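From a predicted model like this one, the values you see are computed outputs, not experimental measurements.
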Amino acid sequence: MTVVFVHGACVRDGEWWWSRVAAALSADGLDSVAVRLPSCGEVPGATADFAADVAETRRVLREVGPAVLVGHSYGGVVATEAAVGSEVVVGGSEVGGDVRHLVYVSSFLPDVGQSLADLGPGEPAPYLDFSPDGTFGVRRESVRELFLYDCDEQAAEGAVARLTRQAAAVLTAPVQHAGWRHRPSTAIVCAGDRATPPALQRAQAARATRVVELPTGHHPMLSHPHLLAAALREVAPTPNQP
């Protein structure tokens, strides 16, 4: 079993964002890999849109074999589309990998035809900055207070250094397949989240097979990696477990 991580919006270097959880899982013999998102500029030459993010995630899933697919924030929308398995065929070929469980971290579970924009309050969050060039980002003056308040300084500095702009079209791209309808799923609600309201998370989590609440902010992979790793071990048994 491999854990495949999909990071959230407006950041780059997914491997760094998940490194603390990956280290905790690795100590138990569980492998993991972080997906690079073209819409965040992480895959040179790739089209910067939602479809490319999904395609890259599916490529990784096909390579790793049996997997637990973990999506954080926007990454959960990507995971929802990418998680379709061999029962879904598009263009004559199987598009998904062997996803055994979906995990949503402070995230969204869109149904078929829904986009990320459909699941929010209806207006862009005030901490987001949209540009005429078709990209958006997080206002730097809001990052620490809203997203990183429970992180240590090393994590906070590393996170701010990895902010990037992203193609805004990803927010309105509807999913074509709802992975949570085909696979067991766990929604992890971050009860101290100041960015994605816990009430919204709980409403979305109602679609999941099971719900786990953690007393963390928006980025538990940075602030409380061992809590998140423990939640993942429940759905991805490690080789070192009895």
For V138 and L128, run side-chain contact (heavy atoms from CB on, under 4.5 Å): C-alpha distance rounded to whole Å, both residues' side-chain angles, the deciding distance at 0.1 Å, then the answer.
CA-CA 5 Å; V138 179; L128 295 179; 4.0 Å; yes

Nearest 0.5 Å, please: how far is CE in M221 from CH2 in W16?
10.0 Å

Do H224 and T216 have side-chain N/O donor and acceptor atoms under 3.5 Å apart?
no

Verify side-chain hydrogen bond (donor to acceptor under 3.5 Å, both in side chains) between S106 and D193, making sure each step is shown before the conclusion.
CA-CA 8 Å; S106 185; D193 198 332; 2.6 Å; yes

Are T172 and F50 close enough that some pair of their side-chain heavy atoms sits under 4.5 Å apart?
no

Compute the centroid of each ring, for W17 and then for H72, and state whether the two points are separated by less than 6.0 Å.
no

Do T2 and V33 pass the side-chain contact (heavy atoms from CB on, under 4.5 Å) test, and can you show the C-alpha distance, the side-chain angles, and the key distance before you say yes or no?
CA-CA 8 Å; T2 300; V33 61; 4.3 Å; yes

Is R20 paired with D152 through a side-chain N to carboxylate O contact shorter than 4.0 Å?
yes

Do V11 and L163 come close enough that some side-chain heavy atom pair is under 4.5 Å?
yes

To the nearest 0.5 Å, what is the distance between CG on L171 and CG on D118?
11.0 Å

Taking all non-hydrogen atoms of both residues, which atom of W180 and which atom of S185 are closest, and how far apart?
CB-OG, 4.1 Å

Would the distance check show the side chain of Q201 and the main-chain N or O of C190 forming a donor-acceptor pair, the cut-off being under 3.5 Å?
yes

Gap separating the CG atom of L69 from the OG1 atom of T57, nearest 0.5 angstrom:
7.0 Å

Can you tell me if S26 uses its side chain to pair, donor with acceptor, with the backbone of A22 under 3.5 Å?
no

Nearest-0.5 Å distance, NE2 of residue H226 to CG of residue L25
10.0 Å

Minimum heavy-atom separation for F5 to S32, with atom names?
CE1-CB, 3.5 Å

Check: R233 and D28 side chains under 4.5 Å, non-hydrogen atoms
yes

Strictly distance-based, threshold 3.5 Å: is any side-chain N or O of E81 a donor or acceptor partner for the main-chain N or O of Q176?
yes

What pair of heavy atoms forms the shortest contact from D49 to V170, and how long is it?
C-CG1, 4.0 Å

Side-chain heavy atoms under 4.5 angstrom apart, residues restricted to Ile, Leu, Val, Met, Phe, Trp, Tyr: same cluster for V112 and L116?
no

Does atom CD of E145 have more than 12 heavy-atom neighbours, drawn from other residues, nucleotides or ligands, at distances under 6.0 Å?
no

Hydrophobic clusters here meaning ILVMFWY residues chained together by side-chain heavy-atom distances under 4.5 Å, can you tell me if L200 and V105 are in one?
yes

To the nearest 0.5 Å, atom OG of S142 lies from atom CZ of R194 at 12.5 Å

Closest contact, heavy atoms only, Q204 versus P110
OE1-N, 4.2 Å

Write down the atom of T209, the atom of P184, and the distance for their closest heavy-atom approach.
OG1-CA, 3.6 Å

May I ask you to test the D53-Y74 pair for a side-chain heavy-atom distance under 4.5 Å?
yes

Would you check if the side chain of S107 reaches a backbone N or O of S73 as a donor-acceptor pair within less than 3.5 Å?
yes

Let me check something: do V103 and L119 share a hydrophobic cluster, defined by ILVMFWY side-chain heavy atoms less than 4.5 Å apart, either directly or through other members?
yes

Using atom types as modelled and distance alone, determine if a side-chain donor or acceptor of R202 lies under 3.5 Å from a backbone N or O of V189.
no

Just so I know, are the side chains of V70 and V4 near enough to count as touching, which here means a heavy-atom distance under 4.5 Å?
no

Nearest heavy atoms of V3 and A236, plus distance in Å:
CG2-CB, 4.4 Å

Are L61 and M1 connected into the same hydrophobic cluster when the rule is that any two of I, L, V, M, F, W, Y join if their side-chain heavy atoms are below 4.5 Å apart?
yes

Is it true that a side-chain atom of R210 and a backbone atom of A187 form a donor plus acceptor pair closer than 3.5 Å?
no

The test is side-chain contact (heavy atoms from CB on, under 4.5 Å); show your working for H7 and C40 and say whether it passes.
CA-CA 10 Å; H7 67 71; C40 291; 3.9 Å; yes

What distance do L222 atom CG and W18 atom CH2 have between them, rounded to the nearest 0.5 Å?
9.0 Å

For the hydrophobic clusters of this structure (ILVMFWY residues joined by side-chain heavy atoms under 4.5 Å, transitively), does one cluster hold both L232 and V211?
no

Can you run down the side chain to side chain donor-acceptor pair (under 3.5 Å) pairs that involve residues 153-169, sequence neighbours left out, and say none if there aren't any?
D13-R162, S39-Q166, D129-R165, S131-R165, T135-R165, R144-E153

CD of E15: more than 12 outside heavy atoms within 6.0 angstrom?
no

Please determine if R181 and D111 form a salt bridge, counting it only when a charged side-chain N lies under 4.0 Å from a carboxylate O.
yes

By the ring pair (Phe, Tyr, Trp, His ring centres under 6.0 Å) test, which pairs, at least two apart or in different chains, include something from residues 98-129?
Y127-F147

Worked verdict on R36 versus E56 for side-chain contact (heavy atoms from CB on, under 4.5 Å)
CA-CA 7 Å; R36 300 177 302 159; E56 179 64 14; 4.1 Å; yes

